[in-house]
Amino acid sequence: MRISVVDNGHRGRARLYVWMLDKLGGGAPDVIKTLMHRPEFFGRYASRSGQQVMRGPSPWSIGDRELFAAYTSRLNQCPF
């Protein structure tokens, strides 16, 4: 289920950013739209934890982690 507000319910800078990605970059990815919709509720925390997982200390290199993420996205039929 997808709520339409994630596609067009952004405010302020987020609205401008999503609009620019739509017009200039071929469309804003859904994950960006979701993170920017209500950053104080979800986006800010999800972004921080994502950065920590992908860039924080780990026995795996950053490249390995990016490859794991791309492979998982592919398995889930999600463009990455």
dist Met36:CE -> Leu21:CG (nearest 0.5 Å) comes out at 8.0 Å
Output the distance between atom CG (Asp22) and atom NZ (Lys33), rounded to the nearest 0.5 Å.
5.0 Å
Run the side-chain donor-acceptor check on residues 38-54: report pairs under 3.5 Å with partners two or more places apart or on a different chain.
residue : atom : partner : partner atom : Å
Ser47   : OG   : Gly43   : O            : 2.9
Ser49   : OG   : Tyr45   : O            : 3.3
Ser49   : OG   : Ala46   : O            : 3.1

Asn76 side chain vs Thr72 backbone, donor-acceptor pair below 3.5 Å:
yes
Report, as yes or no, whether the 6.0 Å neighbourhood of atom CZ on Arg55 holds more than 12 heavy atoms from other residues, nucleotides or ligands.
yes
